[in-house]
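This chain uses plain numbering: 1 for the first residue, then up along the sequence. Please read all numbers here as calculations on a predicted model, not as lab measurements. Start at 1 and go down the list; that is how both ligands and their atoms are numbered.
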Amino acid sequence: MSNLAGSSHPTRPAIAWIGLGIMGSPMSENLIKAGYQVTGFTLEQDKLDRLAAAGGTAAGSIAEAVKDADVVITMVPASPHVEAISYGPDGILENAKAGALLIDMSSITPQTSVDLAKAAKDKGIRVLDAPVSGGEAGAVEAVLSIMVGGEQADFDQAKPIFEALGKTIVLCGPHGSGQTVKAANQLIVAVNIQACAEAVVFLEKSGVDLNAALDVLNGGLAGSTVLTRKKDNFLNRDFKPGFRIDLHHKDMGIVTDAARNVGAALPVGAVVAQLVASLRAQGDGGLDHSALLRAVERLSGAQV
Ligand code: NAD
């Protein structure tokens with residue numbers, strides 16, 4: 001097992017963070033607050049400036065970010081982005097140190113994670129897939145659920161890092177298992193949002209006080225983290241992301257494919273996947289996934 005304590009801080013590994021978006025920015029900042037030295041790279045200059053202002057180091061390329069890192073963490077949108085940053089002469093595998101640990105926290109296909117772990121092994125780089133749930137608020141508050149796939153020893157080494165980012169941290173099985181569990185997570189979240197959206201339209205059309213109704217519903221068996229986190233989005237029609245419909249469309253594709261591969265039927269998930277796709281086709285892909293409410297409103301005759 002390689003030594004991860006190579007940074008200027010005697011007990012904490014030096015971290016490279018690739019992908020400083022809605023999730024990556026607050027997560028990397030939580031590592032800085034926990035005392036880690038973080039060097040980051042992302043495509044937007046304002047996000048690099050934000051990292052530097054938080055006490056991190058902005059790098060000019062992936063190669064520059066990862067060359068001295070003990071741990072490389074990636075948080076980019078989808079499988080093609082993970083492949084683009086990992087492979088090729090400018091990618092992580094060519095430029096990170098042998099012995100480094102690569103933790104991909106993006107939500108991608110399980111097969112992409114399995115392939116990445118295999119390719120990295122040839123370079124002496126260990127890999128964990130570690131997608132998260134909890135949304136932007138969970139990232140900011142460091143209360144994410146982190147579902148991990150990979151080797152036990154690598155998980156044990158990464159645990160202190162995960163503890164600075166989340167609260168529920170579970171090794172789910174070998175490479176790709178974290179992504180499989182995340183796919184199930186996205187199925188549950190989408191169906192839950194859809195059910196909440198349908199309830200909101202039904203309650204409003206029935207003339208009930210929506211605020212009061214959602215509060216009492218959330219105290220019973222219908223309650224959920226979705227209802228807690230998204231109640232204000234529904235009440236105020238505030239669909240600023242958050243978690244974009246575009247990304248949930250990607251995740252519904254992942255879970256649909258993965259379920260087909262193992263012969264699992266997802267009848268309700270298939271319908272909700274179509275509703276997400278429809279919302280996206282109508283130009284709402286950049287909105288928060290609570291905008292599924294707009295799809296239900298349109299189906300119910302509203303001009304939104
Ligand atoms: P985002 O679009 O806000 O951020 C993605 C970041 O990746 C951007 O800053 C972009 O610059 C960077 N990136 C893309 N290609 C790159 C490249 N070639 N080199 C360097 N940087 C590159 O996305 P997000 O909402 O932060 O989501 C990231 C991942 O986390 C996705 O897989 C998403 O499904 C997952 N996720 C998001 C949420 C959420 O609520 N937003 C919650 C859980 C999981």
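- Residues T228 and T225 have side chains that never bring a donor and an acceptor to within less than 3.5 angstrom of each other.
- Distances below 4.0 Å separate heavy atoms of L20 from the following atoms of ligand 1: 9 (O).
- Those atoms of ligand 1 that come under 4.0 Å of a heavy atom in I85, given as number and element, are 17 (C), 18 (N), 19 (N).
- Considering backbone and side-chain atoms together, I18 places no N or O closer than 3.5 Å to any N or O of ligand 1.
- Backbone and side-chain nitrogen or oxygen atoms of S133 are examined, and none is located within less than 3.5 angstrom of a nitrogen or oxygen of ligand 1.
- The single protein non-hydrogen atom nearest to atom 4 (O) of ligand 1 is G21 CA, 3.2 Å, given as residue, atom name and distance.
- Side-chain heavy atoms closer than 4.5 Å link hydrophobic residues (I, L, V, M, F, W, Y) into clusters, and following such links, possibly through other members, connects I103 to L20.
- For ligand 1 and K250, the ligand atoms under 4.0 Å from any heavy atom of the residue are 31 (C), 32 (O), 33 (C), 34 (O).
- Between K167 and E141 there is no salt bridge, since none of the side-chain N atoms of the basic residue sits less than 4.0 Å from a carboxylate O of the acidic one.
- Residue V132 has no nitrogen or oxygen atom sitting less than 3.5 Å from a nitrogen or oxygen atom of ligand 1, judged on distance alone.
- Of all the heavy atoms in F41 and I62, the pair that sits closest is CD2-CG1, 3.6 Å.
- Those atoms of ligand 1 with a heavy atom of G135 less than 4.0 angstrom away are 40 (O), 42 (C).
- For S107 and D251, the side-chain atoms include no donor-acceptor pair closer than 3.5 Å.
- Heavy-atom contacts of E136 reach the following atoms of ligand 1: 40 (O) (cutoff under 4.0 Å).
- Remark: E136 CD is packed, more than 12 non-hydrogen atoms of other residues, nucleotides or ligands lying under 6.0 Å away.
- The distance criterion of under 3.5 Å between nitrogen or oxygen atoms is not met by H81 with respect to ligand 1.
- Using a 4.5 Å heavy-atom threshold, the side chains of V189 and V226 count as touching.
- Heavy-atom proximity to F41, at under 4.0 Å, picks out these atoms of ligand 1: 19 (N), 20 (C).
- Of all protein heavy atoms, the one lying nearest to atom 21 (N) of ligand 1 is T42 CA, 3.6 Å.
- Side-chain contact of R298 with Q303: a donor-acceptor pair under 3.5 Å is absent, judged by distance alone.
- Checking only distances, L247 never comes within under 3.5 Å of ligand 1, N or O to N or O.
- The option with the heavy atom closest to atom 14 (C) of ligand 1, from among G19, P77, S106, is P77.
- Using a 4.0 Å cut-off between heavy atoms, R244 contacts ligand 1 through its side chain alone, with no backbone atom that close.
- Looking only at protein heavy atoms, the nearest one to atom 41 (N) of ligand 1 is G242 O, 3.2 Å.
- When non-hydrogen atoms are compared, ligand 1 lies under 4.0 Å from the backbone of I22 as well as from its side chain.
- The nearest protein atom to atom 28 (C) of ligand 1, hydrogens excluded, is given as V76 O, 3.7 Å; this is a heavy-atom distance.
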